[in-house]
Amino acid sequence: MKPELDLFASLKSLVSKIITPELNAWGVGDMSGEISLERPAMAEHGDLSLNIAMAAASRAGKPPRQLAEELLHALETDDRFGDLCSDVSIAGPGFINIFIADKALAEAVTGSLARGDDFGRGIPAGKRRILLEYVSANPTGPLHAGHARYAAYGDSLHRIISFAGDSVKTEFYINDYGSQMELFGRSLAARYAQALGADAELPEDAYKGEYLVAIAERIAADDGDRWLSTVLPEPGEEAVGHFSTTGSRLILEDIRVNLERFRVSFDSWFSEASLYENDHLGDVIRRLEASGDVYHKDGAIWLRTTRQGDDKDRVLVRKSGEPTYFASDIVYHQEKLSRGFDHLINIWGADHHGYVQRMKAAFSALAEDPGKLEIIIGQLVNVLEMGEKQQMSKRAGKMVTLEELLDSIGVDAARFFLVDRSHDSTLDLDLEKAKLKSEENPVYYVQYAHARICSILRKAAEDRVDSSPCKTTVLQPQERNLVLKLLEFPGIIQTAAATRGPHRLTAYMRELAAVFHVFYHKCPVLRAEPDQVSFRMDLCRLTGNTIRIALGLVGVSAPESM
RNA sequence: GCGCCCGUAGCUCAACCGGAUAGAGCAACGGACUUCUAAUCCGUAGGUUGCAGGUUCGAGUCCUGCCGGGCGCGCCA
């Protein structure tokens, strides 16, 4: 976003320019990174507030208010600053409070409006290529509420980081390899036999979910009893392979369909099994050996991850000769890097947090910078039924699926709800309550503001409202509040992206909708004084654009009427 | 036992790099539609930010120790 179109950003750089000589004169060293303009909680404290005098006080060895006086003088005598600001004063322990001129605010609205759907978009940031991996489920069952949370979070993060200016691709890692897949194949084979009326028993610890019955019936319908002799009394290796492959393909298709309905899309889908089509594992192990941290013990191959701070060393290849999931993951991450990505973001559930250290250690062993690997731990979702916590288990088939969530509360409410709180907090989800909540979900509050704006603009077009150009340079308090809230948007985008926190955006939308609703009640638009109509329509347009953009960044629709 | 996350209004949650009088929504109570959408707005009430120390101009935020809850500590994934 061009600086002159982001009033807050350009004010910040102007203030920095003005006060830097003063800071230098105090001999406090480089404090340029600490200069920040904040929006005070209270209107009396100005539109923007500068706290650098207090931050510098101890290093300068002078009282903060005295320093503030010097900065105030520098600001007051600067012509450019005088053009943009109507007042500046010192308050409290040494805050410098800045009041922006109404004229500058009105011009910023015009400039922001001209950016259309790009209002708030950041400047493309260099050549860094990011790969964001999330959801990454076993294709052994439908996605559940926990996956839904990470899907909503990850997809929103993708949209936000991209909008903020970084280049991000997304990937779904399909865990279609290993013992869980074999167990899945055996479970499905038994269901298949049962579907054909045979007396087959599910293996121990089997996937017991009802969805497997439906899949087995479908395979029975497609293939008839062709496989029956190979699965009884015990399924052979070939049959297990067939059922796990066929079953996972069908489940993956179901996963794709539901994610698409959830407005979550991936640039690529990567199969773990495909890692074994060539000897990538051997290549990676040879590479790890160069670190000197690979050793053999008890018939297995180990990586000395303790050298990088892990609790214990980890097995790469079992004594059976099968690679561990850890080994797969190292190969996978090596593969990601070799595709040219230089920053990898993974979203993992809290139940995998113990895995972070060993993965970082693996990066070190590969002679890669562990800083290239950013792992975001998302806390879990508790599903409550009648207030009772339910254990979610894919194998036991006990879970609330993404599909059920969408059927009961809809895409918009589900996405807003799941992303509206920090990923760092455990989320309680009571499906019955969530259904009730759909009526009072804050998403409707935000969407309603958008619909209301559209309604005004429709009416303006119908009535051919006559609006002469804006002459007023004095804004009503409600207009000021709305403009100031709108101008926060570019900064909110940057913060949400940098802190990986989409919930900041939903919180912002609620605030924006609130100040708009207040504006709506106090400031008529179409029936305003003739020279005010044009500016108020601009305010409506810019608010509408901003809500639409913000909702879009969390994958929620912006209805034109409700 | 060790590691990570969390503890804020009755409930669900915010609070930017440590900023001024800790904010929203829901629930409760009282008001506002002959008007550009009342899915809205205005008002009232609601707090020792789990507890105890420490750091400093200033702590919900940082440090230490407790208490409580979640998750993990496999040659499962």
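Only heavy atoms go into these numbers, but all of them, side chains included; no hydrogens, no water, no symmetry mates. Each chain gets a letter, A, B and so on, in the order the sequences are listed, and its residues count up from 1.
Nearest-nucleotide assignment on RNA chain B puts the 5′-proximal partner with A:H517, out of A:K319 and A:H517. Toward the 5' end of RNA chain B, the nearer of the two residues A:A350 and A:P64, judged by each one's closest nucleotide, is A:P64.
In this structure, the nucleotide among B:A14, B:U21, B:A77 sitting nearest to the side chain of A:M42 is B:U21. The A:Y444 side chain lies nearest to B:A39 when the options are B:A14, B:G19, B:A39. Distance from the side chain of A:R421 is smallest to B:A14 among B:G19, B:G70, B:A14. Taking the side chain of A:P40 as heavy atoms from C-beta on, and the options B:A20, B:A77, B:U40, the nearest nucleotide is B:A20.
Rounded to an integer number of Å, the gap from A:R504 CZ to B:C16 P is 6 Å. Atom pair A:W302:CH2 and B:G74:P shows a separation of 10 Å (rounding to whole Å applied). One can place CG of A:D424 at 9 Å from P of B:A14, the figure rounded to the nearest angstrom. One can place NE2 of A:H353 at 12 Å from P of B:G74, the figure rounded to the nearest angstrom. Residue A:R358 contributes atom CZ, which lies 11 Å from atom C1' of B:A77 at whole-angstrom precision. Rounded to whole Å, atom P of B:G74 lies 9 Å from atom CG of A:D311. When the P atom of B:C17 is taken as reference, atom CE of A:M31 falls 16 Å away, rounded to whole Å. The CD1-P distance, from A:I98 to B:A20, rounds to 17 Å in whole Å.
Rounded to a whole angstrom, the distance from the C1' atom of B:C75 to that of B:G69 is 33 Å. Between B:A22 and B:C16, the two P atoms lie 15 Å apart (nearest whole Å). With both ends at atom C1', the span from B:G18 to B:C63 equals 13 Å, rounded to whole Å. Taking the C1' atom of each, B:U21 and B:A27 are spaced 26 Å apart, rounded to whole Å. Using atom P as the reference point in both B:G53 and B:C2, the two lie 25 Å apart (nearest Å). With both ends at atom C1', the span from B:C13 to B:C66 equals 26 Å, rounded to whole Å. For the C1' atoms, the distance linking B:G10 with B:A28 amounts to 10 Å, nearest Å. Nucleotides B:G25 and B:G72 are separated by 33 Å at their C1' atoms, to the nearest Å.
When both distances must be under 3.5 Å, the Watson-Crick or G-U wobble mate of B:G72 is B:C2. Across all strands shown, B:G60 has no partner, as no Watson-Crick or G-U wobble contact with both distances under 3.5 Å is found. Under the Watson-Crick or G-U wobble criterion, with both distances below 3.5 Å, B:G7 is paired with B:C67. In this structure, B:C17 makes no Watson-Crick or G-U wobble pair, since no nucleotide meets both defining distances under 3.5 angstrom. In a base pair of the Watson-Crick type (N1 to N3 plus N6-O4 or O6-N4) or a G-U wobble (N1-O2 and O6-N3), with each distance short of 3.5 Å, B:G47 is matched with no nucleotide. Across all strands shown, B:A32 forms a Watson-Crick or G-U wobble pair, both distances under 3.5 Å, with B:U40.
Residues A:F519 and A:F516 place their aromatic rings such that the two centres sit under 6.0 Å apart. Between A:H503 and A:Y153, a ring centre-to-centre spacing not shorter than 6.0 Å is recorded. Not less than 6.0 angstrom separates the ring centroid of A:H423 from the ring centroid of A:Y150. Aromatic ring centres of A:Y177 and A:Y276: separated by under 6.0 Å.
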Are there any protein N/O atoms within less than 3.5 Å of an N/O atom in nucleotides 25-31 of chain B, and if so, which ones and at what distance?
unit_1 : atom_1 : unit_2 : atom_2 : d
B:C26  : O2'    : A:E440 : OE2    : 3.3

Between the protein and nucleotides 32-38 of chain B, are there any N/O to N/O pairs under 3.5 Å, and if so, what are the atom names and distances?
unit_1 : atom_1 : unit_2 : atom_2 : d
B:C36  : O2     : A:L526 : N      : 3.0
B:C36  : N3     : A:V525 : N      : 2.8
B:C36  : N4     : A:Y520 : O      : 2.8
B:C36  : N4     : A:C523 : O      : 3.1
B:C36  : N4     : A:P524 : N      : 3.4
B:U37  : OP1    : A:S455 : OG     : 2.2
B:U37  : OP2    : A:S455 : OG     : 3.0
B:U37  : O2'    : A:Y448 : OH     : 2.1
B:U37  : O2'    : A:R452 : NE     : 3.1
B:U37  : O4     : A:M562 : N      : 3.1
B:A38  : OP2    : A:R452 : NH2    : 2.4
B:A38  : OP2    : A:Y520 : OH     : 3.3

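By the 6.0 Å contact criterion, CD on A:E560 is open, its count of non-hydrogen atoms from other residues, nucleotides or ligands being 12 or less.
Nucleic acid contact class of A:N97 (heavy atoms, under 4.0 Å, all strands): base. The residue A:S179 sits close only to the backbone: its heavy atoms come under 4.0 Å of sugar-phosphate atoms, none of a base. Nucleic acid contact for A:D351: sugar-phosphate only, since backbone atoms but no base atoms lie under 4.0 Å from a heavy atom of the residue. At the heavy-atom level, A:G491 lies nowhere under 4.0 Å from the strands shown. Nucleic acid contact for A:D298: base, since at least one base atom lies under 4.0 Å from a heavy atom of the residue.
Ring-plane geometry between A:H352 and A:W348 is classed as tilted, the angle between the planes lying from 30 to 60 degrees on a 0 to 90 degree scale.
With its glycosidic angle within 90° of 0, B:C33 adopts the syn conformation. An anti orientation is assigned to B:C6, its glycosidic angle lying beyond 90° of 0.
Judged by distance alone, the side chains of A:S328 and A:E272 do bring a donor and an acceptor atom under 3.5 Å apart.
Residue-to-nucleotide contacts include no donor-acceptor pair under 3.5 Å from the side chain of A:D420 to the base of B:A24. Judged by atom type and distance alone, A:S49 reaches the base of B:A20 through a side-chain donor-acceptor pair under 3.5 Å.
For the side chain to side chain donor-acceptor pair (under 3.5 Å) test, no residue two or more places apart in sequence or in another chain qualifies with A:R527.
The minimum heavy-atom distance between A:I453 and A:G544, with the atom names listed, is CD1-N, 3.6 Å. Considering every non-hydrogen atom in both A:I493 and A:I160, the closest pair reads O-CG2, 4.2 Å. Residue A:R304 comes nearest to A:Y295 through the heavy atom pair NH2-CD2, 3.4 Å, listed as atom of the first residue, atom of the second, then distance. For the pair A:I547 and A:A449, the tightest heavy-atom approach, listed with the atom from each and the gap, is CD1-CB, 3.9 Å.
Residue A:K312 has a polar side-chain atom (N or O) positioned under 4.0 Å from OP1 or OP2 of B:G74. In this model, the phosphate group of B:A77 is approached by a side-chain N or O of A:R318 to a distance below 4.0 Å at OP1 or OP2. Between B:G74 and A:R314, no contact under 4.0 Å exists linking OP1 or OP2 to a side-chain N or O.
Between A:H352 and B:G72, no base-stacking contact is recorded for ring centres under 5.5 Å apart and planes less than 30° from parallel. Stacking of A:F95 onto the six-membered ring of B:G19 is not present when judged by under 5.5 angstrom between centres and under 30° between planes.
Looking at heavy atoms from C-beta onward, A:K336 lies in side-chain contact with A:N346 at the 4.5 angstrom threshold. The shortest side-chain heavy-atom distance between A:I52 and A:E34 falls under the 4.5 Å cut-off.
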